[in-house]
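First comes the structure, then the notes that go with it.
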Number of protein chains: 2
Amino acid sequence: MKIQNITIKDIAKALDLSYSTVSRALKGSYKISEPVRNKVIAYANEHNYRPNLLAQSLKNKNSRCIGVVLCNIPNSFFAEVISGIESVAYTKNYLVIITQSHESYEREIQALENLTWRSIDGLLISLSTETSDCSHIAALHAKGLPVVFFDRVSEDFKTHLVKADNEGGAYDLTNHLLHQGYRRIAQITSPAHLSITQERIAGYKKALSEAGQPIDESLIKYCEHGGMLFEEIETAVSELFDSGNPPDAIFAASDRLTLGTLSILKKMGKSIPGDIGMAGFSNFSEPELFEPALTTIKQPAFEMGKTAAELLIQLIESKRPVTEFEKKVFPTELKARASTNRKISVAY
Amino acid sequence: MKIQNITIKDIAKALDLSYSTVSRALKGSYKISEPVRNKVIAYANEHNYRPNLLAQSLKNKNSRCIGVVLCNIPNSFFAEVISGIESVAYTKNYLVIITQSHESYEREIQALENLTWRSIDGLLISLSTETSDCSHIAALHAKGLPVVFFDRVSEDFKTHLVKADNEGGAYDLTNHLLHQGYRRIAQITSPAHLSITQERIAGYKKALSEAGQPIDESLIKYCEHGGMLFEEIETAVSELFDSGNPPDAIFAASDRLTLGTLSILKKMGKSIPGDIGMAGFSNFSEPELFEPALTTIKQPAFEMGKTAAELLIQLIESKRPVTEFEKKVFPTELKARASTNRKISVAY
DNA sequence: TTTATCTGGGCAAACGTGTGCACAGATTAA
DNA sequence: TTAATCTGTGCACACGTTTGCCCAGATAAA
């Protein structure tokens, strides 16, 4: 921007002081006499002095920016996470730069390059569905860039992790479906290499096992693009129904998959929850407005964003290298609604 | 970031050249001989040289960042706008910094201060509901900051405007409701001082007038916070129904108002579209999933973001001061669905 | 041969801050 | 009175780039 702001030099000239005196008076760092300091501060306030962040960053090799890489912004879950991140960054005076990977490994790498080129002090990242190898992130981390994983995490290297209790959420939801009398419960989910997928499948299988139900791997459908392509959800659903032994309930493992599946079931004319039960992970704000009102597992997205940002800033501002890392796991919340309400509570 | 990148100085030392020669060779700007230039470029590529953007910005007084101020990210409309902005910025190599006003005038000012402090090259802004006076933006514009308004625009000063055809959209929707046989059509809308509100009311009134219907100002309810407070929507709805002469259809003027109103009507046990017709401006991705499937006016949000970003970058990169400004108006799209389907087409 | 022009490249200052060092004057200790 | 210490301030360089100006050597013109 071409807007001319007042600089330290201007103040120095006006008060007939050296640059360094002004700088030190403003920072309050060094031995500057009271009268001089007050004079400088008064002048600075009066003329609305704002230090030039670019110059400070160049000098100090920090930028007070944190970079965020996530899949895409319109997704309800991530939109809420962003709000959480911003709420912390705002008070700590960091700027948040958001980039989207659009579930693509290549774009994730580009986003990361762009961010590091722009000088960020730290990175918050949720892996894209295509990402199975984290060496691009590990390399930055090894060079000293503080990193916090959230949501879709990796344990390829040690750092703070912030995630939902995906296993617990999937367990709760599967149990709920079982209690409602559903028996052949399918899961439509993200690629198998993602942490969230593994955990959500683990919870699902755990609930089934505990209930003495068989586990049928053909009921688990992986969408390689996490539902970015509508057709992959369609394929998954039709495979389930064309199998000769269709499910009586579907559990979708993400926001997009949930909405996509619901949409397809309605198009197929399935009656929910009669013909088939339907539920999923979703942070959409008004799931009760759907037909039928949708049973969801909701993640505390805002809190997760907040915590991730707090941990990251703590990492950035730590004087000593941090060696003890935290793994924050947030409970999920099951909201049972009409879409799984068979009104038959079966004992087993 | 503490990551040490290779600098021009490193290249200069390695090749035994001066800094300036290296700089000029890389920029391709000045008289540098072929062999020297090639040598420099080869070395730079080999060692993965990236110019330090902070230093460049400091020197050139531009930052290759554009600032965006909007109400809030989780809103479907704005989330799509952001995607549009990013798609352009990405190819033109600008970074997008998104800030939220949360519909507050004060936070809008803070966001703006933060952005300018951070050095942005241009600004995209959609006014908060509380903003009636644009002098804070005009001041920046007067200082030379390129500004493009989108969505909620102001004509306080001359610049590019990007908006939807709000009047046309409201006209179409009102007409649709009239054709469906609704007669007492209410509008729940944003504060009266906003451009979008005025236009949406104008279209609504125009359709009513043309149909020979009376205009009842008591059917227009303004939500001072644009629906950020759920209670204000509740108040608006209950006032409509408690008036003794309730509406037979409600037209909500924004994403949040639409979802909020629908939610309240359902809680009240109203039958839609029987008791009351319901429709609104909304960019939610799957309105057909609602109960009932929701009639919407959809704005081309992605296109709007794209165009706004293009105009802004054009402004930023223009050599001469621009004096001719454009006003881009995008058509909206009416999607009639069950929530307004009375199945009685009344001639009038 | 001398002078003017061109070509390629280096010097150094600048953008706005931060900071190690030096130094003048005042105070204290010997 | 002299030496040691403390206090407050200024000088100058650094961060990484960019750019106006200058200059050495080569070439062309006179």
Side-chain angles (χ1 to χ4, degrees), chain A residues 1-41 43-44 47-65 93 116-121 144, chain B residues 1-41 43-44 47-65 93 116-121 144:
Chain A
M1 189 166 53
K2 295 104 196 168
I3 297 177
Q4 208 67 316
N5 269 317
I6 184 175
T7 74
I8 278 191
K9 296 194 179 184
D10 297 326
I11 300 181
K13 274 176 205 152
L15 301 181
D16 199 28
L17 292 167
S18 73
Y19 309 157
S20 37
T21 304
V22 175
S23 172
R24 291 197 257 249
L26 290 171
K27 297 238 88 171
S29 60
Y30 220 54
K31 37 184 184 178
I32 298 291
S33 65
E34 277 301 301
V36 173
R37 172 185 307 174
N38 291 339
K39 194 169 65 172
V40 171
I41 291 178
Y43 189 92
H47 292 75
N48 199 21
Y49 168 77
R50 282 308 195 86
N52 182 314
L53 285 182
L54 271 64
Q56 281 187 330
S57 298
L58 180 60
K59 184 68 190 173
N60 300 338
K61 301 198 175 306
N62 73 327
S63 58
R64 294 203 83 76
C65 289
N93 211 3
T116 52
W117 182 31
R118 298 266 176 188
S119 307
I120 52 170
D121 290 347
Chain B
M1 188 166 54
K2 295 103 198 172
I3 297 178
Q4 208 66 316
N5 269 317
I6 184 175
T7 75
I8 277 192
K9 296 193 177 182
D10 297 327
I11 300 180
K13 272 176 206 151
L15 301 181
D16 199 27
L17 292 167
S18 74
Y19 310 158
S20 39
T21 305
V22 175
S23 171
R24 291 198 256 250
L26 291 170
K27 299 238 87 171
S29 59
Y30 217 58
K31 37 181 186 182
I32 297 292
S33 66
E34 276 301 300
V36 172
R37 170 184 309 174
N38 290 339
K39 197 168 63 173
V40 170
I41 291 177
Y43 189 93
H47 291 76
N48 199 22
Y49 167 76
R50 282 308 194 88
N52 182 314
L53 286 183
L54 273 67
Q56 279 188 330
S57 299
L58 182 60
K59 186 67 189 171
N60 300 338
K61 302 197 174 305
N62 73 327
S63 59
R64 294 204 82 78
C65 288
N93 211 3
T116 52
W117 183 31
R118 298 264 176 190
S119 307
I120 52 171
D121 290 348

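In this text, all values refer to a predicted model and were calculated from it rather than measured experimentally. Lettering of chains follows the sequences in order, A, B, ..., and the numbering in each one begins at 1. All values below were derived from every heavy atom in this structure, side-chain atoms included, with hydrogens, water molecules and symmetry-related copies excluded.
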Check the distance between [N]'s [atom2] and [X]'s [atom1] and give it to me in whole angstrom.
X	N	atom1	atom2	result
B:Asn52	D:dG16	CG	C1'	6 Å
A:Arg50	C:dT17	CZ	P	12 Å
B:Leu26	D:dT19	CG	P	13 Å
A:Lys59	D:dC13	NZ	P	12 Å
B:Arg37	C:dT7	CZ	C1'	13 Å
A:Ile6	C:dG16	CD1	C1'	13 Å
B:Leu53	D:dG16	CG	P	13 Å

What nucleotide, of [options], holds the atom closest to the side chain of [X]?
X	options	answer
B:Ser20	C:dC11, C:dG16, D:dT17	C:dC11
A:Lys27	C:dG18, C:dG10, D:dG10	C:dG18
B:Tyr19	D:dT18, C:dT17, C:dG10	D:dT18
A:Arg24	D:dC11, D:dT18, D:dC21	D:dC11
A:Val36	D:dT9, C:dC15, D:dT19	D:dT9
B:Thr7	C:dA12, C:dG8, D:dT17	D:dT17
A:Thr21	C:dG18, D:dG10, C:dG9	D:dG10

Sequence neighbours excluded, the answer for salt bridge (charged side-chain N to carboxylate O under 4.0 Å, His left out) partners of A:Arg118 is none

For A:Tyr43, all residues meeting ring pair (Phe, Tyr, Trp, His ring centres under 6.0 Å), sequence neighbours excluded:
A:His47

Under 4.0 angstrom between [X] side-chain N/O and [N] OP1 or OP2:
X	N	answer
A:Ser33	D:dG8	no
B:Lys61	D:dT18	no
B:Tyr49	D:dT17	yes
A:Gln56	C:dG16	no

Side-chain contact test, heavy atoms from C-beta onward, threshold under 4.5 Å: evaluate it for A:Ile8 versus A:Tyr49 and give yes or no.
yes

Got a sec, which residues hit side-chain hydrogen bond (donor to acceptor under 3.5 Å, both in side chains) with A:Asp10, two or more places apart in sequence or on another chain?
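side-chain hydrogen bond (donor to acceptor under 3.5 Å, both in side chains) list for A:Asp10, sorted by chain: A:Thr7.
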
Between B:Leu58 and B:Val22, which is nearer to the 5' end of DNA chain C once each is assigned its nearest nucleotide?
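On the 5' side of the pair lies B:Val22.
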
Note: contacts of residues 8-16 of chain B with DNA chain D (heavy atom, under 4.0 Å) are B:Ile8, B:Lys9

If you look at every strand shown and take non-hydrogen atoms under 4.0 Å, does A:Leu54 touch a base, only sugar-phosphate, or nothing?
nothing

Enter the inter-axis angle for the ends of the helix from C:dT1-D:dA30 to C:dA30-D:dT1 (five pairs per end, rounded to 10°).
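Here the local axes at opposite ends form an angle of 60°.
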
Considering only distance and modelled atom types, tabulate donor-acceptor pairs under 3.5 Å from the side chains of residues 15-22 of chain B, sequence neighbours left out.
{"from": "B:Ser18", "atom 1": "OG", "to": "B:Ser20", "atom 2": "OG", "distance (Å)": "3.0"}
{"from": "B:Ser18", "atom 1": "OG", "to": "B:Thr21", "atom 2": "N", "distance (Å)": "3.3"}
{"from": "B:Ser18", "atom 1": "OG", "to": "B:Thr21", "atom 2": "OG1", "distance (Å)": "3.0"}

